[in-house]
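These notes are about the structure you will find just below.
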Amino acid sequence: MLSALYFRVDLFLIEWWKGTEAVALYNAIFRLVDALRLFPAAVLAVVFPELCRDYSWKTLTWTCFGLFGLAVGLALVSGGWSDTLVEFLYGDGYREAVPALKILLLALPLLFVNFALTHQLMAWNLQRFYAFICAGALLYNLGLNWLLIPKLSIVGAAWSTLGTEVFLTTGCIWLLIRKGARE
């Protein structure tokens, strides 16, 4: 629940400060990034049993490298075609959302890696600690959104998402190092 909140609370804040039209723009482009998250979901569905058995870093490391590389490739291709893609899918009225999409695509590699990191936390039975990281990510995200949305609108929300993914990556790696692998 905390994860879902920090991931989508920006919609409420965008509406509060910038209105429904800004929410429509941001939600539309966020859905494009959200759709790309099906790739790590499929990978982790296959890899999860091995993450549960492997108490070293081997499976997690290879999974993270693979997902990171895939995300970088998808971000580069999507970013290069973002103007055309947004106009084709949503029409010319959504063109002003392209800068926010490009920022969200910068977050894509971290989104993919965080998918693996959070699965590893579950595999190593660290979900209670993960809840604290999610609570921290929610507070961090709220703070960033509070600062950035009033000034930058949906671009600020996108930067907040990127910042929150950095926070989550750092928290998960710290927790996995501190409590995780038993070689």
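Throughout, numbering of the chain's residues begins at 1 and tracks the sequence. It should be emphasised that the depicted structure is a prediction, and the values quoted were computed from it without experimental measurement.
With Ser78 as the fixed residue, the side chain to side chain contact (heavy atoms under 4.5 Å, CB included) test singles out one of Leu104, Leu36, Val33, Leu108: Leu36.
Hydrophobic clustering, with ILVMFWY side chains joined whenever heavy atoms are under 4.5 angstrom apart, groups Leu70 together with Leu51. When the side chains of ILVMFWY residues are joined at heavy-atom separations under 4.5 Å, either directly or via intervening members, Phe112 and Val72 end up in a single hydrophobic cluster. Side-chain heavy atoms closer than 4.5 Å link hydrophobic residues (I, L, V, M, F, W, Y) into clusters, and following such links, even through other members, never connects Leu162 to Leu139. When the side chains of ILVMFWY residues are joined at heavy-atom separations under 4.5 Å, either directly or via intervening members, Val9 and Trp146 end up in a single hydrophobic cluster. Hydrophobic clustering, with ILVMFWY side chains joined whenever heavy atoms are under 4.5 angstrom apart, keeps Leu110 apart from Trp174.
The line from NZ of Lys151 to CH2 of Trp17 is 11.0 Å long, rounded to the nearest 0.5 Å. Here CG of Leu121 is found 6.0 Å from CD1 of Ile133. Values are rounded to the nearest 0.5 Å. Note that CZ of Phe12 is 9.5 Å distant from CG of Asp10, once rounded to the nearest 0.5 Å. How far CZ of Phe115 is from SG of Cys172: 12.5 Å, rounded to the nearest 0.5 Å. The CZ atom of Arg37 lies 13.5 Å from the CZ atom of Phe39; values are rounded to the nearest 0.5 Å. Atoms CG and OH, from Leu117 and Tyr130 in turn, are 9.5 Å apart once rounded to the nearest 0.5 Å.
Asn114 and Thr169 form a side-chain donor-acceptor contact under 3.5 Å, judged by distance and modelled atom types alone.
Scanning all heavy atoms of the two residues, the minimum distance from Ile14 to Ala157 falls at CD1-CB, 3.6 Å. Taking every heavy atom of both residues into account, Ala22 and Ile154 meet most closely at O-CG2, 3.4 Å. Residues Pro109 and Ala71 approach most closely at CA-CB, 3.4 Å, considering heavy atoms. Shortest non-hydrogen contact noted between Leu176 and Gln120 is CD2-CG, 3.8 Å. Smallest separation of non-hydrogen atoms from Tyr140 and Gly163: CE2-O, 3.4 Å. When every heavy atom of Gly79 is checked against every heavy atom of Lys102, the shortest pair comes out as O-CE, 3.8 Å.
Looking at residues two or more places apart in sequence or on another chain, you find a salt bridge (Lys or Arg N to Asp or Glu O under 4.0 Å) between Asp83 and Arg95.
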ask   = Please walk me through it: do Leu105 and Leu76 pass side-chain contact (heavy atoms from CB on, under 4.5 Å)?
value = CA-CA 8 Å; Leu105 289 171; Leu76 289 173; over 6 Å; no

Margin query: Run Asn141 and Ser160 through side chain to side chain donor-acceptor pair (under 3.5 Å) and show every step you take.
Written below: CA-CA 6 Å; Asn141 184 270; Ser160 296; 5.4 Å; no

Q: Might you work through the side-chain contact (heavy atoms from CB on, under 4.5 Å) test for Leu148 and Val155, ending with a clear yes or no?
A: CA-CA 8 Å; Leu148 298 176; Val155 169; over 6 Å; no

- request: Begin with the C-alpha distance, continue with both residues' side-chain angles, and end with the deciding distance and a verdict on side-chain contact (heavy atoms from CB on, under 4.5 Å) for Thr164 and Asn145.
  value: CA-CA 10 Å; Thr164 303; Asn145 277 313; over 6 Å; no

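Annotation: Gln127, atom CD; neighbour count of heavy atoms from other residues, nucleotides and ligands within 6.0 Å is above 12. Counted within 6.0 Å of CZ on Phe48, heavy atoms from surrounding residues, nucleotides or ligands total more than 12; the atom is thus considered enclosed. Within 6.0 Å of atom OH in Tyr90, more than 12 heavy atoms from other residues, nucleotides or ligands are found, so the atom counts as buried in its surroundings.
Residues Ile29 and Val98 have side chains not in contact (no heavy-atom distance under 4.5 Å, counting atoms from C-beta outward). Contact of the Thr161 side chain with the Tyr26 side chain is registered, since non-hydrogen atoms from C-beta on lie closer than 4.5 Å.
Taking the six-membered ring for Trp and the full ring otherwise, Trp57 and Trp62 have centroids separated by 6.0 Å or more.
In this pair, Trp124 and Tyr55 present their aromatic rings parallel. The plane angle is below 30°, not in the 30 to 60° band.
Remark: the backbone N or O of Pro150 is paired with a side-chain donor or acceptor of Lys18 at under 3.5 angstrom.
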